[in-house]
Structures are given as C-alpha cells and as structure tokens.
2 protein chains.
Amino acid sequence: MNASAMKASPTKASPTKAGPVKVTTRRRPGRPAGGQHVVNRQLVLDAAERAIRRDGPTVSLEAIAVEAGVTKPVVYARVGGRAEVANALSERLADRIMSAVFAAIQGKPIGRATLVSFLVANLEVVAANRELFLYVTGGTSDDTPLRTLHLARHSALPLAEVLANWRSSNARDAAVAIPWAYGVIGMLHLVSLWWINESDTPAPQLAEQLAELLWSGLATE
Amino acid sequence: MNASAMKASPTKASPTKAGPVKVTTRRRPGRPAGGQHVVNRQLVLDAAERAIRRDGPTVSLEAIAVEAGVTKPVVYARVGGRAEVANALSERLADRIMSAVFAAIQGKPIGRATLVSFLVANLEVVAANRELFLYVTGGTSDDTPLRTLHLARHSALPLAEVLANWRSSNARDAAVAIPWAYGVIGMLHLVSLWWINESDTPAPQLAEQLAELLWSGLATE
DNA sequence: CGGAACAACTTACTCAGAGTAAGTATTACC
DNA sequence: GGTAATACTTACTCTGAGTAAGTTGTTCCG
C-alpha cells in the first residue's frame, strides 16, 4: 500500500503562492536561521508515538518520518534506526510507568495496599498506552528480546532497589531483590498483554488478584 | 532442453558460508514415487530449529529452507510464512517445557518442593533451548506480542487448570487461576530472559529465590 | 502404450521497508 | 561577495518476505 506514504502530507507545497501556508509542510533544505534544529529528538519521538497510535505496532520508519514532517535521514540523525526508536520509546514508556507508580505509592509504607496501588498504576498506564506497549514489546525489529530486557530493566532496577532496602531493613536477605524485581515486572508484562487483549476484568480487581499471589504467596494455610 | 550443462550442479554452493559441507542436495522437480512428501512439516521444523541454533534468532526463511534441503515455497506449503513457523516453534518449545515440568512434578502433591521442581524444569529447558527461546520471544515478525501470548497460553492454560483444581479443593476462589497462571509464566518468561543473558546464578538457586516469592509472598511475617 | 491430468517441486519474480550515498538550498563567516 | 558549513531532501541499494509461473516426473485412463 503506497497510500500510507502520502497520507499525512496535507498539501504538497503547492506552487501557488496564495499565502503563508504554515502547515506542517516539509522543511526545505538549507541551514535554518536560528542555528537550531527545527525538529529535535523529542519531536521525532512524539511523532513516532502518534504514528504508532494511529497505524498500530507495524508502522514504518517512513511513516514516522512523515508524521514528524521530515524525511527518514532526519529520523536517523536524531534518534537512529528502528531499533533505537523502539529503545527510546521503551524508555519513555518505562518512565511513564515509573512516574505513575511513584506518584501512586509516594510516602506510603510498603504493605499490601501499596502493592495494589503499584499494580493498578502499572496496569492503567499500559492500558492508556496500548499500541505503544505492543510496539515496544513486539515491533518488527531483530533484537526484540533484548529490547524487552531493556524496557524491563528500566522498571525492574528501581523496583529492585526498593525491595533490597526493604528486605535489609527487615533483616532479610536482599540478594533476592533483583530476581524478584524481574519476576514482578515479568508477571505484570505478560498479565498486561493478556489483559489488554483477552480480558475485561477491571484493573483494580485484577490488581487485587495479583496482590493476593504476590503478598501472601501460594501457601494456603 | 537447453541447459543440459547446468543440470549436474548440485547446489549453488552458498558463497557466504564455509560451514559444514552437509548441504543436502536439493530435490529435483517432479512427482516422487512414493506419493508422499519427501520433506514433511516435521522435518521442516527440525531444520528451522537447526538453522536457528546455528545462525541465531535472525535467520531468514530462505536459510531455513536451505537447511531443510528445499526451497522457500515448500516451507510455505508445509508450515507457512515466518509468523507461522514461529508459532509452530512456540508450540514445540511450550510442549517441551510442559513435558519436562510434568515429568518433574508427576505424582507429587502441590507444595513448596514441587514448586521448586516446576521452576527448575522451566529454567533448564529454556537454557537448553536458548536460541529457540530468543527466536520465539523475539524474532522478526509483526505479531510478536500476539505470538508471545500464544506461546504463553500453551504453558499458562494447563497451569491454570492445575491451580483451579487445587484452589477448589482447598475451598478457595478459583477465579484467580488464569491471572495467576499468566503471572507465573510471565515471571518465568522475563526472569529466564534476564537469566540467560545477564546472570550466572545456578538454576536451582534462582528457582529457590522465585519459590520464596511465589510460595510465601512478599509479606514478612 | 500413449497421451492428458496432476502432483511436487524450482526458478524467478514483485514488493516493502530498512538503511545510506549523493545532491541541493540556505545561512554564516571572513 | 565568495567559500565553507549545515540541514535538509532526493534517490538510491540491499535484504528478505511472499508469490506467480514454469518444469519435471508420476499416475490414471482410453
């Protein structure tokens, strides 16, 4: 389909000089006046997000470039190839999750209620960034598993630190912190994937179920 | 008949590889005698696994076909495109994991020791199928997240059934079985990914750490 | 026994998208 | 005003997925 290539261009820089068409027409070559980039890394990534939300996880870099109002080499200059775009967006999503999480549990002591807040915040951010989540966890790149790890690390390491401190202050072995953190993030990862695709359980209820597993464990007595 | 000279060329002697001269001679066209396929679905998938182990998760379908001693359209006829190859291999890996798991916990009652056996079996199969694991969890296809779900489902649903029965027999709510199953599988998924890439903790020790989380939960007292 | 029909392939293509080399317009500097 | 630097675009190459058309041997029927 070539339609996607020409989709986002509103006007093809019409030669009629009817007026100052300030639309997101593609920049002309040449060094700009301000000495600054017109479309910086931030804006490219914003455009990438928009394109992903619109076209799903299979958007091409070309489409992202068009959405940003530039051409492919500019995307390469600002952020890099497909893998690096995905990595950058991974970090964005991880940061977004971490902000929501810390906002949700700020000041609270570690306990079951805090755990539920943590889980709900996670689920809600994923739900609000569905296409982005699918993009960074799948996409079309070669290194997906490594990027999954990359994304996970951004969530897991802060969590591991919290866990390690907490365990230490309770006089318990802190060596479990890292595997536990990856475990919890992995749990959230797959449950989120299942949830946004095949379940309509409300987030708080799902969080309660997960909290029951994580807080009390499987043991019945 | 114009090209009697090129008839005898066994293969194109792949220019890039200097590997094993195993190169199975490609079949000539024509209906075979037995009326059966010479290279069936099973053999194609075997070849795919071999190619993945040799070339890593980025093998092309072409390379898989060559490894199988056939050409691309045969691969398409037997198993399908890249996504379907990956799905089929996902099921293979999931079955392999499930066999190991059931062999490990057969007959044992559900308890902490059984949980550890379950986890160790999982980790060991993943470690023994490292490249395959990376292929099915990453690969290069469009639908990776959905295939991840596909792979996970093959492990999660049997587990969910076990959990549901166990919860019911203990007079506890069985509705948590499905989210818990996805949670446990997701935990194993990401921990495995982290483990085979960045950790050298022995499998039994890692399994113990995870078991501590899953069995007793985070609660300290 | 001699075709027509068919089955199982291979060859050779199309198509899309990632990544890059070369060209062009604009500004800055001396 | 001319030269260098800069910020782009155009236009390419290259790889790999997926497919259409051709080729060779087998079977079935008269």
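Proteins get letters first, then strands, A, B, ... in listed order; numbering begins at 1 in each. Values reported hereafter were calculated over all heavy atoms of this structure, with side chains retained and with hydrogens, waters and symmetry mates removed. Since this is a predicted model, take the numbers as computed values, not measurements.
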Might you list the N or O atoms of the protein lying below 3.5 Å from N or O atoms in nucleotides 11-15 of chain D, with each pair's distance?
none

Whole angstrom value for the distance that separates [atom2] of [N] from [atom1] of [X]:
{"X": "A:D55", "N": "C:dA16", "atom1": "CG", "atom2": "P", "answer": "15 Å"}
{"X": "B:L61", "N": "C:dC15", "atom1": "CG", "atom2": "P", "answer": "20 Å"}
{"X": "B:E62", "N": "D:dA17", "atom1": "CD", "atom2": "P", "answer": "8 Å"}
{"X": "B:E84", "N": "D:dA17", "atom1": "CD", "atom2": "C1'", "answer": "13 Å"}

Checklist entry - Can a side chain N or O of A:R82 be found less than 4.0 Å away from OP1 or OP2 on C:dA16? => result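 Answer is no, no contact under 4.0 Å.
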Next on the checklist: If the cut-off is 4.0 Å, is B:T71 near the phosphate of C:dT10, judged by side-chain N/O to OP1 or OP2?
Outcome noted: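 Affirmative; the distance criterion is met.
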Checklist entry - Strictly under 6.0 Å, is that where the ring centroids of B:H189 and B:F133 end up? => result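 Close enough - the centres of the two rings lie under 6.0 Å apart.
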Item to check | Within 6.0 Å of CG in A:L163, more than 12 heavy atoms from elsewhere | outcome: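 Buried by this count: over 12 neighbours within 6.0 Å.
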Next on the checklist: Within the supplied structure, the quantity of interest is the number of heavy atoms (other residues, nucleotides, ligands) at a distance under 6.0 Å from B:E161 CD; does it exceed 12?
Outcome noted: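 Counting other residues, nucleotides and ligands, CD of B:E161 stays at 12 neighbours or fewer.
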Next on the checklist: So, using salt bridge (Lys or Arg N to Asp or Glu O under 4.0 Å) as the criterion, who are the partners of B:R41 when residues are at least two apart?
Outcome noted: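 With neighbours one apart ignored, the set is empty.
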Item to check | Residue A:Y76, side-chain atoms from C-beta onward, closest of D:dC8, C:dT20, D:dT9 | outcome: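 The answer is C:dT20, which lies nearest to the side chain.
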Item to check | Chi angles and distances behind the side chain to side chain contact (heavy atoms under 4.5 Å, CB included) call for A:V176, B:L213 | outcome: CA-CA 9 Å; A:V176 298; B:L213 172 58; over 6 Å; no
Item to check | side chain to side chain contact (heavy atoms under 4.5 Å, CB included) between A:L214 and A:M187, worked out | outcome: CA-CA 10 Å; A:L214 283 173; A:M187 173 179 290; 3.9 Å; yes
